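The structure presented is a predicted model; accordingly, all values stated were derived computationally and were not measured.
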Amino acid sequence: MENETQHGLARIRSSYGKFSDKEKKIADYILNSPETIIHHTINQVSDELGVAESTVFRFCKRIGFKGYQALKIALAAEIVTPMKDIHDKIDDGDSFSTVSEKVFRSNIKTLESTMQIVDGTTITEAVNVILKARKIDFFGCGGSAVVALDAYHKFIRSGLVVNAQLESHMQLMAASQLTKDDVAVVISHSGTTKDTLDVLQVLKDNQVKTISITNFAKSPLTKASDIPLYTVAEETDFRSEAFSSRIAQLSIIDALYTNVMMAREQSGNQALQNMRKAMALKRL
């Protein structure tokens, strides 16, 4: 089990799409006012929400804590302890090196937070469907298109049939040609980009298995995708959280690729050697 003094809110966000209605009621209460939970007993929470104490206790267990008290400790640590790594304010008088350090710390914090909520079972499920797929297509718009292209650049080394289109019309065309034997990896920080959701609708109509990589557990993309994977990123003074999440998205892609290559063993190694041999023509 993960460290119970960290990332209570992140765990709730990452699991939100899998909660029952009662669990979502508890989750919303905690996410909207985590400070209240710290000072409330389990009895007070159950009375306020109109749910049984046992329901609150099971919710705590569901997100990986031993009980209500363990969740309170985690939330207190998150709220009270200053998160200096990411919340260092960038000041006008900061030197170039200081600003650079704060950017690096923000990225490190994003990776650490995302690593805490990576679910091994979900990663395993995603790897297995990729391995069984006839074809894998990567989709993303805007900044996420760059991540989709990076995924294509990695997975083309695997020997699997892969594709990525950057233009929205071409994405719709590509999605329309996929079938239930294929897999689509859909990347969107917000999970609410219209072009991405249009692609997702075409994929669902064709019964294509979908893996999503997104930062918001409540998003339409999360709710509609078969296998949701999450990043955790927060906004800083000069960068939106989408900038930080890109680092985490790339890392999730790296994790998927590495697991796929290990599972493919000899065939994966042969594909990699073929690629390296071909690329050697580009070097003097």
Check whether Phe65 forms a cation-pi arrangement with Arg11 (NZ or CZ under 6.0 Å from the six-membered ring centre, at most 45° off the ring normal).
yes
If you measure from the Lys or Arg side-chain nitrogens to the Asp or Glu carboxylate oxygens, is any gap between Arg134 and Asp182 under 4.0 Å?
yes
I'd like to know whether Asp198 forms a salt bridge (charged side-chain N to carboxylate O under 4.0 Å, His left out) with Lys194, so could you lay out the CA-CA distance, the side-chain angles of the two residues, the decisive distance to 0.1 Å, and finally the verdict.
CA-CA 6 Å; Asp198 288 344; Lys194 185 179 185 305; 3.0 Å; yes
Partners passing side chain to side chain contact (heavy atoms under 4.5 Å, CB included) against Glu167 (at least two apart in sequence or in another chain)
His169, Met170
Crowding at CE, Met275 (>12 non-hydrogen neighbours, <6.0 Å):
yes
Using only atom types and a distance under 3.5 Å, with no angle test, would you say the side chain of Asn259 pairs donor to acceptor with the backbone of Ala255?
yes
From CG (Asp137) to CD (Gln171), nearest 0.5 Å
9.5 Å
Enumerate the salt bridge (Lys or Arg N to Asp or Glu O under 4.0 Å) contacts for residues 251-261, please, sequence neighbours excluded, ordered by first and then second residue.
Lys154-Asp254
Sequence neighbours left out, cut at 3.5 Å: what donor-acceptor pairs do the side chains of residues 53-61 make with other protein atoms?
unit_1, atom_1, unit_2, atom_2, d
Glu53, OE2, Asn43, ND2, 2.8

Scan for ring-ring contact (aromatic ring centres under 6.0 Å, His included) pairs involving residues 262-284, sequence neighbours excluded, and state none if there are none.
none
List the steps, then state whether side-chain contact (heavy atoms from CB on, under 4.5 Å) holds for Val186 with Ile211.
CA-CA 6 Å; Val186 185; Ile211 300 169; over 6 Å; no
Please enumerate all residues that pass ring-ring contact (aromatic ring centres under 6.0 Å, His included) together with Phe138, with sequence neighbours excluded.
Phe155
Report the distance from atom CD1 of Ile130 to atom OH of Tyr257, rounding to the nearest 0.5 Å.
12.5 Å
For Asp226, give me all partners under side-chain hydrogen bond (donor to acceptor under 3.5 Å, both in side chains), at least two apart in sequence or on another chain.
Lys204, Thr210
Measuring from atom CG of Asp181 to atom NZ of Lys132, what distance do you get when rounded to the nearest 0.5 angstrom?
12.5 Å
Would you call Lys24 and Asp28 a salt bridge, using N to O less than 4.0 angstrom?
no
